[in-house]
Amino acid sequence: MTQPTFTEKVIELIRAIPEGCVSTYGGIARLAGNPRAARQVVRILHSSSRKEGLPWHRVVNREGCIALKSFQGYDLQKQLLENEAVAFDDSGRIDLDRFLWRPAMEEVRKHTVE
DNA sequence: AACCTGACTTCGG
DNA sequence: TCCGAAGCCAGGT
């Protein structure tokens, strides 16, 4: 039996983020078993978000900000999140205390075990 | 087939 | 608290 690769775990975890919630690059990486692999999450979003139909807009940085720049998807991402009732403050930040997805271990295992 | 790079995060000084 | 450097790794060139 083959253990799911880090990449596969990340894809499943992103897919599991519920509507109306967000997660962070580092958070996903940690759930997938490697707290320092935030950049791989970025990489995976680039390579697989379209192919796998991932809810890519539900991933933001640890400050609760959209990491994209204007005209590179920032506006689209913000709009998609607002459509899910995710609120932004005056400085374009999301209150992570309210919207961060915090799955229980059981929930995580469900998505990371083959 | 190497080398570069990225929508980041953490760590040590 | 602040800043530079390391960590991570696969897809594109």
Side-chain angles (χ1 to χ4, degrees):
Chain A
M1 98 176 214
T2 311
Q3 298 287 342
T5 65
F6 177 81
T7 297
E8 290 167 340
K9 290 182 187 177
V10 168
I11 289 174
E12 290 307 309
L13 287 166
I14 293 173
R15 189 176 278 151
I17 303 173
E19 186 175 320
C21 293
V22 299
S23 191
T24 66
Y25 303 95
I28 292 293
R30 192 174 63 256
L31 293 176
N34 192 336
R36 298 198 188 153
R39 303 189 68 165
Q40 279 56 253
V41 176
V42 172
R43 192 79 207 72
I44 291 159
L45 283 170
H46 268 281
S47 64
S48 311
S49 57
R50 163 145 5 201
K51 181 167 61 176
E52 303 282 343
L54 301 178
W56 58 270
H57 57 283
R58 296 181 190 142
V59 184
V60 298
N61 69 23
R62 58 175 255 84
E63 298 182 315
C65 297
I66 290 176
L68 290 165
K69 294 173 180 163
S70 291
F71 303 104
Q72 294 200 80
Y74 179 97
D75 304 280
L76 173 59
Q77 182 170 8
K78 186 176 181 190
Q79 192 174 342
L80 287 169
L81 287 172
E82 287 179 329
N83 287 346
E84 299 184 353
V86 174
F88 291 78
D89 67 15
D90 294 334
S91 45
R93 237 187 323 173
I94 296 166
D95 182 354
L96 292 181
D97 288 337
R98 292 172 56 200
F99 296 104
L100 184 64
W101 178 51
R102 294 168 175 116
M105 278 307 292
E106 187 58 35
E107 178 83 8
V108 174
R109 209 171 309 132
K110 182 164 57 180
H111 295 287
T112 56
V113 173
E114 196 66 35

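None of the values given here were measured: they were computed from a predicted structure. Convention: sequence-line order gives letters A, B, ...; per-chain numbering from 1.
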Rounded off to whole Å, could you give me the [atom1]-to-[atom2] distance for the [X] and [N] pair?
X: A:Ile28; N: C:dC9; atom1: CD1; atom2: C1'; result: 17 Å
X: A:Leu80; N: B:dA7; atom1: CG; atom2: C1'; result: 14 Å
X: A:Gln72; N: B:dT5; atom1: CD; atom2: P; result: 16 Å
X: A:Ile11; N: C:dC9; atom1: CD1; atom2: P; result: 15 Å
X: A:Glu63; N: B:dA7; atom1: CD; atom2: C1'; result: 14 Å
X: A:Leu96; N: B:dT9; atom1: CG; atom2: P; result: 10 Å
X: A:His46; N: C:dT13; atom1: NE2; atom2: C1'; result: 16 Å
X: A:Gln40; N: B:dT5; atom1: CD; atom2: P; result: 16 Å

Open item on the list: I'd like to know if A:Glu12 pairs up with A:Lys110 as an ion pair, taking the criterion as any Lys NZ or Arg NE/NH1/NH2 lying under 4.0 Å from an Asp or Glu carboxylate oxygen.
Closed with: no
Task: Note: A:Arg93-A:Glu63 ion pair, threshold 4.0 Å (strictly below) - done: no
Task: Taking every non-hydrogen atom, the tightest pair across A:Ala29 and A:Ala38 - done: CB-N, 3.8 Å
TODO: Please report the closest heavy-atom contact between A:Cys21 and A:Val86, naming both atoms and the distance.
DONE: N-CG2, 4.4 Å
Open item on the list: For the P atoms, the ones on B:dA7 and on C:dC3, what distance do you get once it is rounded to whole angstrom?
Closed with: 23 Å
TODO: Under 4.0 Å between any heavy atoms, over every strand shown, what does A:Ala38 touch: base, sugar-phosphate, or nothing? Just pick one.
DONE: base
TODO: May I ask you to say what A:Arg62 touches in the nucleic acid, namely base, sugar-phosphate or nothing, with a heavy-atom cut-off under 4.0 Å?
DONE: sugar-phosphate
Task: Nearest listed nucleotide, side chain of A:Asn61, among C:dA10, B:dA7, B:dC8 - done: B:dC8
Open item on the list: Keeping A:Glu84 on the side-chain end and A:Glu19 on the backbone end, is there a donor-acceptor pair under 3.5 Å?
Closed with: no
Open item on the list: Taking the nucleotide of DNA chain B with the nearest heavy atom to each, does A:His57 or A:Pro35 sit closer to the 5' end?
Closed with: A:His57
- [ ] Go through the N and O atoms of the side chain of A:Tyr25 and the base of B:dA7, and report whether any donor-acceptor pair is under 3.5 Å.
- [x] yes
Task: Residue met sooner reading DNA chain C from 5', once A:Arg36 and A:Arg43 are mapped to nucleotides - done: A:Arg36
